[in-house]
Amino acid sequence: LAKRLVKLVPDLVISRSYTSRAARSEERDGVDYNFVNRQQFEEMIKCNLFLEWAEIFGELYGTALIDAERELVNGRSALLVINVDGARQLMDRGYEVVKIFVLPPSFSELEIRLKRRNPDMQDVDMNQRLDTAKREIKACKEYDHIVVNDDLDECVNELRTIVVGGEKNLSGGTGDAARVLNRVTAELQDLDPS
């Protein structure tokens with residue numbers, strides 16, 4: 001979604017995150033991520049070099065403050081692909097941002113997509129990812145927009161409308177988001193009635 005969106009919106013760039021995890025075979029340092037070791041990342045945290053950062057599945061990910069500032073100085077907007085914890089940090093620090101939550105069409109579809117993306121994923125890893133998704137979906141009402149990623153083209157077009165229009169607070173969602181959110185919330189309740 002992010003890669004397609006920046007092709008459609010002039011002066012919008014994806015902010016390249018720093019991460020402590022090792023690069024996968026198809027990934028390149030300085031292109032896909034800025035790969036650093038855990039010690040380097042932790043030193044960057046101590047020096048307050050991150051706009052936001054989070055630990056995700058045992059690895060650290062973050063957006064460097066200097067990278068975001070460089071884009072703004074050059075007249076561009078930075079698109080941050082971050083988790084709920086990172087978005088909360090931005091809000092806690094008083095940054096004015098437009099927060100968009102991308103919601104799967106259903107929780108069961110999310111599980112199918114995760115399995116398709118990584119068929120060799122262990123059950124423990126899958127359960128951990130699904131538990132994280134449950135927690136994050138429950139937080140989606142903290143966002144300015146909720147967009148459903150059911151049809152890729154429609155989702156990208158909705159994102160483009162939001163970003164280009166700079167719109168905020170469309171009653172908690174756009175398109176079918178309210179209906180899908182109700183369905184996903186019901187699925188989560190069935191999975192975890194607590």
Side-chain angles (χ1 to χ4, degrees), residues 1-19 33 45 48-57 60-107 109-110 113 129-185 188:
L1 292 173
K3 288 178 182 175
R4 289 186 61 175
L5 182 62
V6 296
K7 288 179 181 177
L8 296 174
V9 180
D11 297 323
L12 180 68
V13 295
I14 299 173
S15 176
R16 185 175 50 250
S17 296
Y18 282 75
T19 184
Y33 286 92
I45 293 171
N48 293 316
L49 298 180
F50 287 111
L51 184 63
E52 61 79 31
W53 68 273
E55 186 164 354
I56 304 170
F57 307 119
L60 300 169
Y61 294 83
T63 304
L65 182 58
I66 194 168
D67 293 343
E69 288 177 344
R70 181 178 49 246
E71 299 306 338
L72 292 174
V73 166
N74 289 322
R76 295 185 292 264
S77 296
L79 174 63
L80 281 61
V81 181
I82 58 178
N83 73 351
V84 169
D85 296 330
R88 286 177 177 152
Q89 287 176 45
L90 294 176
M91 297 310 294
D92 289 347
R93 294 179 179 177
Y95 290 103
E96 193 168 318
V97 296
V98 176
K99 299 182 311 283
I100 306 169
F101 192 98
V102 179
L103 186 68
S106 69
F107 195 76
E109 176 63 22
L110 174 64
R113 289 177 183 183
R129 290 180 187 276
L130 293 174
D131 287 344
T132 298
K134 288 175 195 175
R135 179 181 59 82
E136 292 201 342
I137 288 170
K138 289 176 183 176
C140 72
K141 291 186 178 183
E142 299 172 20
Y143 285 65
D144 301 310
H145 302 278
I146 301 169
V147 176
V148 180
N149 183 9
D150 193 6
D151 177 276
L152 185 62
D153 291 331
E154 286 180 27
C155 186
V156 170
N157 285 332
E158 268 191 88
L159 292 170
R160 182 183 173 281
T161 298
I162 293 166
V163 170
V164 170
E167 300 170 16
K168 289 192 76 155
N169 201 3
L170 296 180
S171 303
T174 57
D176 291 330
R179 180 181 53 77
V180 172
L181 180 57
N182 288 337
R183 182 174 65 226
V184 171
T185 302
L188 293 179

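The analysis underlying the following values was restricted to heavy atoms, covering all of them including side chains, and did not include hydrogens, waters or symmetry mates. Just so you know, residue 1 is the first one in the sequence shown, and it goes up from there. Quantities reported herein were computed from a predicted structural model and do not represent experimental measurements.
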Please report the shortest heavy-atom distance between [X] and [Y], naming the atom on each side.
| X | Y | answer |
| --- | --- | --- |
| Leu8 | Pro10 | O-CD, 3.6 Å |
| Val9 | Arg160 | CG2-CG, 3.9 Å |
| Leu12 | Ala78 | CD1-C, 4.3 Å |
| Phe101 | Tyr143 | N-CD2, 3.5 Å |

For residues [X] and [Y], determine if any side-chain heavy atom of one lies less than 4.5 Å from a side-chain heavy atom of the other.
| X | Y | result |
| --- | --- | --- |
| Arg16 | Asp67 | no |
| Pro105 | Arg113 | yes |
| Leu65 | Leu49 | no |
| Asp144 | Ile100 | no |
| Val148 | Glu154 | no |

[atom1] of [X] to [atom2] of [Y]: how many Å apart, nearest 0.5 Å?
| X | Y | atom1 | atom2 | value |
| --- | --- | --- | --- | --- |
| Ile82 | Thr63 | CD1 | OG1 | 6.0 Å |
| Ile137 | Phe107 | CD1 | CZ | 5.5 Å |
| Thr132 | Phe57 | OG1 | CZ | 4.0 Å |
| Asp85 | Glu55 | CG | CD | 10.5 Å |
| Asn74 | Asp11 | CG | CG | 9.5 Å |
| Leu80 | Lys99 | CG | NZ | 13.0 Å |

Are Trp53 and Tyr18 close enough, and set up right, to give a side chain to side chain contact (heavy atoms under 4.5 Å, CB included), and what steps lead you there? CA-CA 9 Å; Trp53 68 273; Tyr18 282 75; over 6 Å; no
Checking side-chain contact (heavy atoms from CB on, under 4.5 Å) between Leu159 and each of Leu79, Leu5, Val164, which is the one that passes?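 Exactly one candidate clears the test, Leu5.
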Can a donor-acceptor pair be found, under 3.5 Å and without considering hydrogens, that links the side chain of Glu52 to the backbone of Ala87?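 Absent.
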Counting only heavy atoms not in Leu72 (residues, nucleotides, ligands), do more than 12 fall under 6.0 Å from its CG?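 Enclosed.
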Using a strict cut-off of less than 4.0 Å between a Lys/Arg side-chain nitrogen and an Asp/Glu carboxylate oxygen, indicate whether Arg88 and Glu142 qualify as a salt bridge.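 So Arg88 pairs with Glu142 through a salt bridge.
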Which is it for Leu51 and Leu90 under the side chain to side chain contact (heavy atoms under 4.5 Å, CB included) test, yes or no, and what are the steps along the way? CA-CA 7 Å; Leu51 184 63; Leu90 294 176; 3.4 Å; yes
